[in-house]
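Letters go in sequence order (proteins before strands), and every chain restarts at 1.
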Number of protein chains: 2
Amino acid sequence: MRQRAFGQYCGLARALEVVGERWALLIVRDLLVRPRRYTDLHEGLPGIPTNVLSTRLKELERAGVVERRLLPAPDRAVVYALTEDGRALDEAVLLLARWGAARLDEPRPGEIVTPDSLVMALRSTFRREAAAGVSVTWELRADGVVLYARVANGELHTGVGPAPEKPDLVIAMAPTGPPPLRALMSGELSPQAAVADGLVQLAGRPKLLTTFVQLFRI
Amino acid sequence: MRQRAFGQYCGLARALEVVGERWALLIVRDLLVRPRRYTDLHEGLPGIPTNVLSTRLKELERAGVVERRLLPAPDRAVVYALTEDGRALDEAVLLLARWGAARLDEPRPGEIVTPDSLVMALRSTFRREAAAGVSVTWELRADGVVLYARVANGELHTGVGPAPEKPDLVIAMAPTGPPPLRALMSGELSPQAAVADGLVQLAGRPKLLTTFVQLFRI
DNA sequence: CCGAATCCGCAGTGATACTG
DNA sequence: CAGTATCACTGCGGATTCGG
């Protein structure tokens, strides 16, 4: 269970010894969105072997990145959450995700989209400099995934599930979600074309789709 | 040679498929400092098996992150360099390195320090907001490693080897380099104590050590 | 059902030797 | 110098099983 070292006294090497193992940063990504139970994590990480998930969680816990919380009765559920140290990975993960998002082309057969990865997609492509004076709540729906994004005071707040308050605009993706979203965010597809082609169905003020495209941009 | 996929349509997953394999980001780290030859890379990555280095370079090349350049005669040397896409990893790598640097404590037995990792250490801990009005060149020496850092116009320029122009301050670390540097950068050790204890020998204007400590900070 | 532990086949890694 | 070749080993993927 001891982590393989890189033999260098170096910050990057240390970081990779902790979060460089396979699946580790994806676990962190999900936990950055919200604390999750073992089964939730397993569900959000397609194909991760249960022994690997279990091993990673223990390693991350021992490294002080993840905390194992036992919820009180009657739930008695186990919940994994990031420590403060773990949350400090936020920026680095966002930048890596942003770099990777720029290389996303078509989804490969069998690839899924999870709520957590969509939240990361929004957060990693949010352009703060375009958010001045904007105050809007969006709700995004795709493939049974529902999440929301609220921009106010130059800050972005995101979450999984329906928007806590009535959204100004609901964006429903069709037929299978994220590719049209990615096309919008990368500028390959104009908002008008997206609506005209039926890839996006709007509920609410139509001009806010353009605002969305200006704010979230690969 | 096929890269194992994560089964998610997600920027982070894509990024990790490219640079998430073992040793990959450390190779990128070295190439972010300067193009390197195969043997240089092998030297700067303690213990990397040659077949793994070779495999990673091919994978990174195929992914468009690394470029293999054949220098013209008479050298005929092979040099690996980052593509523009590869250089775009800079910020993400710096942030990961910064996160890891905060968890560096004592060096472990046998761990080495390379010029490239020291350059990354400086770049990842540079606090731009403290650099206004500063215009200084430092030269750092430790264990035969020599590098320089120049701060001017709020920007940091670093390089391996002696400073191109006469440095304002030469900092020589003793007896074995980086731990005193890390102690300085983390605030565990005051500049005065570092000099008094003989961990740092100065050549130049002594007050610039304090400036250094203010500029490079974990 | 949740939260794993266990087992097995195999691919990726580590160490060393070797070559154009 | 710039890699390939070989081989032992270990971590991963996949499936099943198990206790609370």
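For residues 145-158 of chain B, the pairs satisfying salt bridge (Lys or Arg N to Asp or Glu O under 4.0 Å) are B/R128-B/E155, B/R150-B/E165, with sequence neighbours left out. The list of ring-ring contact (aromatic ring centres under 6.0 Å, His included) pairs with a residue in residues 14-40 of chain B, not counting sequence neighbours, reads A/F6-B/W23. Residue pairs meeting the salt bridge (Lys or Arg N to Asp or Glu O under 4.0 Å) criterion with at least one partner in residues 79-88 of chain A, sequence neighbours excluded, are A/D85-B/R103.
Residue A/P180 comes nearest to A/L199 through the heavy atom pair CB-CB, 3.9 Å, listed as atom of the first residue, atom of the second, then distance. In this structure, B/R22 and A/A5 approach most closely via the heavy-atom pair NH2-O, 3.3 Å.
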Polar atom pairs between nucleotides 17-20 of chain D and protein, under 3.5 Å, N or O only, would you list them?
none

Pairs under 3.5 Å (N/O, protein and nucleotides 5-7 of chain D):
residue	atom	partner	partner atom	Å
D/dT6	O4	B/N51	ND2	3.3

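Partners of A/E91 under the side-chain contact (heavy atoms from CB on, under 4.5 Å) rule, at least two apart in sequence or in another chain, are B/L95. Remark: A/P164 engages A/Y148 in a side-chain contact (heavy atoms from CB on, under 4.5 Å) (not counting sequence neighbours). Scored by the salt bridge (charged side-chain N to carboxylate O under 4.0 Å, His left out) test, A/D116 finds A/R34, A/R36 as partners (sequence neighbours excluded). In this structure, the side-chain contact (heavy atoms from CB on, under 4.5 Å) partners of B/V136, at least two apart in sequence or on a different chain, are B/V134, B/W138, B/D168, B/L208. Considering only residues two or more places apart in sequence or on other chains, A/A203 meets the side-chain contact (heavy atoms from CB on, under 4.5 Å) condition with A/V170.
The side chain of B/W23 contributes an N or O atom lying less than 4.0 Å from OP1 or OP2 of C/dG14. Using a 4.0 Å cut-off, no side-chain N or O of B/S54 falls inside it from OP1 or OP2 of D/dA2. Dashed line: the shortest gap from a side-chain N or O of A/R76 to OP1 or OP2 of C/dC1 is not under 4.0 Å. OP1 or OP2 of D/dG3 sits under 4.0 Å from a side-chain N or O of B/Y80. Taking 4.0 angstrom as the limit, A/R22 places a side-chain polar atom (N or O) nearer than this to OP1 or OP2 of D/dG13. Within the 4.0 Å cut-off from OP1 or OP2 of D/dT4, at least one side-chain nitrogen or oxygen of B/K58 is found.
Among the nucleotides D/dC12, C/dA4, D/dA2, the one closest to any side-chain atom of B/A77 is D/dA2. Among C/dG3, C/dG14, D/dG3, the nucleotide with an atom closest to any side-chain atom of A/R4 is C/dG14. Closest approach to the B/P49 side chain among D/dA2, C/dA15, D/dT4 is made by C/dA15 (side chain taken as heavy atoms from C-beta onward).
In this structure, B/R56 places its CZ atom 14 Å from P of D/dT4, rounding to the nearest Å. Straight-line distance from the CD1 atom of A/I48 to the P atom of C/dA5: 14 Å, rounded to whole Å. To the nearest angstrom, C1' of C/dG14 lies 15 Å from CD of B/E21. Following rounding to the nearest Å, A/L53 (CG) and C/dA5 (P) show an atom-to-atom distance of 11 Å. As rounded to whole Å, 18 Å separates atom C1' of C/dG3 from atom CZ of A/R69. Remark: P of D/dG3 and CG of B/L60 are 14 Å apart, rounded to the nearest angstrom. Following rounding to the nearest Å, B/L70 (CG) and D/dG3 (C1') show an atom-to-atom distance of 13 Å. In this entry the distance linking CG of B/L57 with P of D/dA2 reads 11 Å, nearest Å.
Taken residue by residue, residues 27-45 of chain B places no heavy atom nearer than 4.0 Å to DNA chain C.
The pair A/E61-A/K58 does not count as a salt bridge, with every side-chain nitrogen at least 4.0 angstrom from each carboxylate oxygen.
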In residues 39-50 of chain A, what donor-acceptor pairs under 3.5 Å come from side-chain atoms, sequence neighbours left out?
residue	atom	partner	partner atom	Å
A/D40	OD2	A/R37	N	3.1
A/H42	NE2	A/I48	O	3.4

